[in-house]
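Down below is the structure, laid out as structure tokens.
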Amino acid sequence: MCIFAQSLTKLKQIAYQKMAKFLTNREENYAQWYNDLVLKADLAENSAVRGCMVIKPYGYAIWEKIQAELDRLFKATGHVNAYFPLFIPKSFFSKEAAHVEGFAKECAVVTHYRLKTDESGKGIVVDPSAKLEEELIIRPTSETIIWNSYKNWIQSYRDLPILINQWANVVRWEMRTRLFLRTAEFLWQEGHTAHATREEAIEETEKMINVYASFAENSMALPVIKGYKSENERFAGALDTFAIEALMQDGKALQAGTSHFLGQNFAKAFDVQFTDKSGKLDYVWATSWGVSTRLMGAIIMGHADNNGLVLPPKLAPIQVVIIPIFKNSEQLASISETAIKIKSDLEQKGISVKYDNRDNNTPGWKFADYELKGVPVRLAIGPRDLQNKTVEIARRDNLSKETVPVEKVSEFIPKLLEDIQANIYQKAYNFRKENTFHVDKWEDFVSKLDDQGGFIMAHWDGTAETEEKIKDETKATIRCIPFDSPDEEGKCIYSGKPSRRRVLFARSY
RNA sequence: CGGGGUGUAGCGCAGCCCGGUUAGCGCAUCUGGUUUGGGACCAGAGGGUCGCAGGUUCGAAUCCUGCCACCCCGACCA
């Protein structure tokens with residue numbers, strides 16, 4: 001139950017609107033709003049290197065929370081961490097045909113290993129005599145370098161399964177980049193597992209897409225749709241790709257995580273065979289799965305508003321901020337007494353609290369700033385509160401405020417954080433529900449996409465040609481074929497040919 | 001790779017079309033004072049190779065040529 005019954009007065013609304021001038025209005029220019037928000041919430045900025053971002057401490061703190069929780073989930077499902085090289089010999093890439101095809105166009109390549117001062121003595125140039133025998137690719141993903149190692153690790157069924165995850169950076173030389181959503185270098189985790197049987201590998205692939213989905217829903221408070229990728233959208237070198245797809249507030253889809261069943265493709269490419277229980281030689285079965293710093297983009301675009309970020313409490317580096325309101329140092333001292341007590345009470349319950357007693361900004365400035373940064377709960381304590389033994393508690397998700405007795409705070413906050421977590425999930429869920437459409441006519445399909453976007457459930461004849469044509473004409477792609485999409489006779493939205501189930505279409509990031 | 005844009009103080013920008021004293025504004029910074037319950041105010045101060053290289057001109061941030069970098073919009077992608 002939400003106890004924040006009071007609604008905003010008109011005056012307060014005007015005050016909020018005034019504050020919004022610090023951000024581009026979301027309705028006016030979504031892309032600009034997103035960009036502004038990333039910069040102004042101090043999450044990241046563009047760097048001197050084209051397409052590469054600097055992740056600033058506050059943004060990185062959110063990533064660390066994401067990492068910590070995912071790492072816990074991976075370990076709970078039997079995985080261990082390891083680390084493989086950043087560089088991949090070029091020849092490794094040519095071993096798996098589809099894989100090269102998929103990544104060749106976006107690889108950064110190391111060709112030399114030394115610099116020297118140029119003839120003028122002022123600048124520095126690549127030393128032509130230091131050319132590498134074989135060029136090194138900066139990993140866009142690590143299947144090849146990892147399977148090359150697995151070859152040495154696997155001889156018998158007793159060596160399986162191998163369940164390894166790696167936290168790393170990868171480079172994909174994208175044409176166009178956007179902070180967090182697509183950068184030339186990004187941080188991610190990539191799981192690479194090896195199994196004795198096809199069934200076990202498929203089970204692993206499913207297990208990990210489920211881990212991602214529950215992370216998205218429980219921690220990020222974002223509902224996702226799990227499904228199969230169509231052949232066109234499949235990972236280069238995979239037999240099957242499972243994905244989770246989330247709907248952003250502008251009606252575009254964001255692929256938030258993928259899990260690939262690689263079959264025996266990489267084992268064959270790197271000649272990784274094992275002796276099974278019956279003494280027969282066979283190739284090893286593989287999976288790989290990953291999520292990236294793109295999840296930061298999903299959190300931003302999934303929840304944020306015109307006042308700034310709205311962080312799910314479970315991933316907020318600061319869950320509660322305490323702001324003192326004071327006129328002089330005596331007042332601050334007595335407020336601090338209460339504030340520090342509350343802070344330590346909350347910290348004992350595992351809640352992260354920041355007491356911002358800096359006197360170089362006014363309370364109003366701090367209110368706006370922590371709102372911009374998406375801190376879920378704000379406590380304000382002023383002389384008035386001190387007198388009444390109360391604090392003012394404001395929640396970021398719906399901007400409502402409540403005055404609560406000091407002695408109730410430490411039992412009130414944990415419930416409030418849960419409430420906020422649940423509320424922003426529900427909000428995102430409702431948004432998705434309102435923006436998911438079953439469409440049967442081509443003209444409706446086109447106009448829906450143009451008018452408001454969203455998820456479109458429509459019939460598809462199952463061919464790559466149709467998918468390609470739909471993409472050409474509308475920029476919409478099949479995001480996934482949902483696992484839970486029921487059997488239903490229908491006709492392809494484009495070709496009119498028979499279809500057995502609906503698939504999920506959307507324009508995407 | 002195609003289209004558009006930008007480059008001027010630490011940051012954000014104006015000035016450029018139509019060349020002319022000392023290149024301006026906001027934020028930030030420093031000093032002093034008043035403030036602090038929703039991005040405070042007043043007064044003063046400091047801070048500039050105008051992206052780089054040429055050219056035109058008595059004179060260039062401004063006009064011309066070339067180069068570089070970044071951003072935005074498309075084709076490609078987590």
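These figures come from a predicted structure and were not determined experimentally. Atom set for the values below is all heavy atoms of this structure, side chains included, hydrogens, waters and symmetry mates excluded.
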Would you confirm whether A:R139, through its side chain, and A:N169, through its main-chain N or O, come within 3.5 Å as a donor-acceptor pair?
->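 Confirmed, A:R139 side chain pairs with A:N169 backbone.
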
Side-chain donor/acceptor of A:T477 to backbone N/O of A:R479, under 3.5 Å |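 No, the answer is negative, given that no donor and acceptor are paired below the 3.5 Å cut-off.
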
By side-chain hydrogen bond (donor to acceptor under 3.5 Å, both in side chains) - contacts of A:K448 (at least two apart) |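 With neighbours one apart ignored, the set is A:Q452.
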
Contacts of A:E465 that satisfy side-chain hydrogen bond (donor to acceptor under 3.5 Å, both in side chains) - sequence neighbours left out |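 With neighbours one apart ignored, the set is empty.
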
From [atom1] of [X] over to [atom2] of [N], roughly how many Å is that when rounded to an integer?
X: A:L372; N: B:G38; atom1: CG; atom2: C1'; result: 14 Å
X: A:Y30; N: B:C72; atom1: OH; atom2: P; result: 16 Å
X: A:K471; N: B:A75; atom1: NZ; atom2: P; result: 8 Å
X: A:L179; N: B:C70; atom1: CG; atom2: P; result: 14 Å
X: A:Q331; N: B:G37; atom1: CD; atom2: P; result: 12 Å
X: A:L254; N: B:C77; atom1: CG; atom2: C1'; result: 12 Å
X: A:K40; N: B:A28; atom1: NZ; atom2: P; result: 14 Å

Is the charged tip of A:K95 near the ring of A:F92: under 6.0 Å from the six-membered ring centre and within 45° of its axis?
->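 Judged by the rule (NZ or CZ under 6.0 Å from the ring centre, within 45° of its axis), A:K95 counts as positioned above A:F92.
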
Centre of A:F483's six-membered ring, under 6.0 Å away, within 45 degrees of the axis: is that where NZ or CZ of A:K226 sits?
->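 Relative to the ring axis of A:F483, which defines the angle, A:K226 lies outside at least one limit.
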
Just call it for [X]: base, sugar-phosphate, or nothing, with non-hydrogen atoms closer than 4.0 Å on any strand.
X: A:S292; value: base
X: A:T183; value: base
X: A:F326; value: base
X: A:E174; value: base
X: A:L181; value: base

Centroid under 5.5 Å and tilt under 30°, A:W365 to B:G38 =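 Stacking is absent between B:G38 and A:W365, given that the ring centres and planes do not meet under 5.5 Å and under 30°.
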
So, do A:F84 and A:Q166 sit near enough that their side-chain heavy atoms are less than 4.5 Å apart?
->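 Yes. Closest side-chain heavy atoms under 4.5 Å.
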
Quick one: is [N] close enough that its OP1 or OP2 comes under 4.0 Å of any side-chain N or O from [X]?
X: A:N46; N: B:C71; answer: yes
X: A:N35; N: B:C72; answer: yes
X: A:K327; N: B:U36; answer: yes
X: A:T362; N: B:A40; answer: yes

Between A:R178 and A:E392, which has a closest nucleotide on RNA chain B that is more 5'?
->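 Nearer the 5' end of the strand: A:E392.
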
Residue closer to the 5' end of RNA chain B, A:R384 versus A:F180 (nearest nucleotide) |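 Final value for this comparison: A:R384.
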
Any salt bridge between A:R507 and A:D250, counting N to O under 4.0 Å?
->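 Answer for the salt bridge query: no.
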
Identify all stems in which RNA chain B takes part, counting only runs of at least 3 consecutive pairs (Watson-Crick or G-U wobble, each distance under 3.5 Å), and give each as one range with another, ordered by first number.
->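 Runs of three or more consecutive pairs: B:1-7 with B:68-74, B:10-13 with B:24-27, B:29-34 with B:40-45, B:51-55 with B:63-67.
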
B:A61 and B:C50, which share atom name C1', separated by this distance in whole Å =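 Nearest-Å result for B:C50 against B:A61 at atom C1': 5 Å.
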
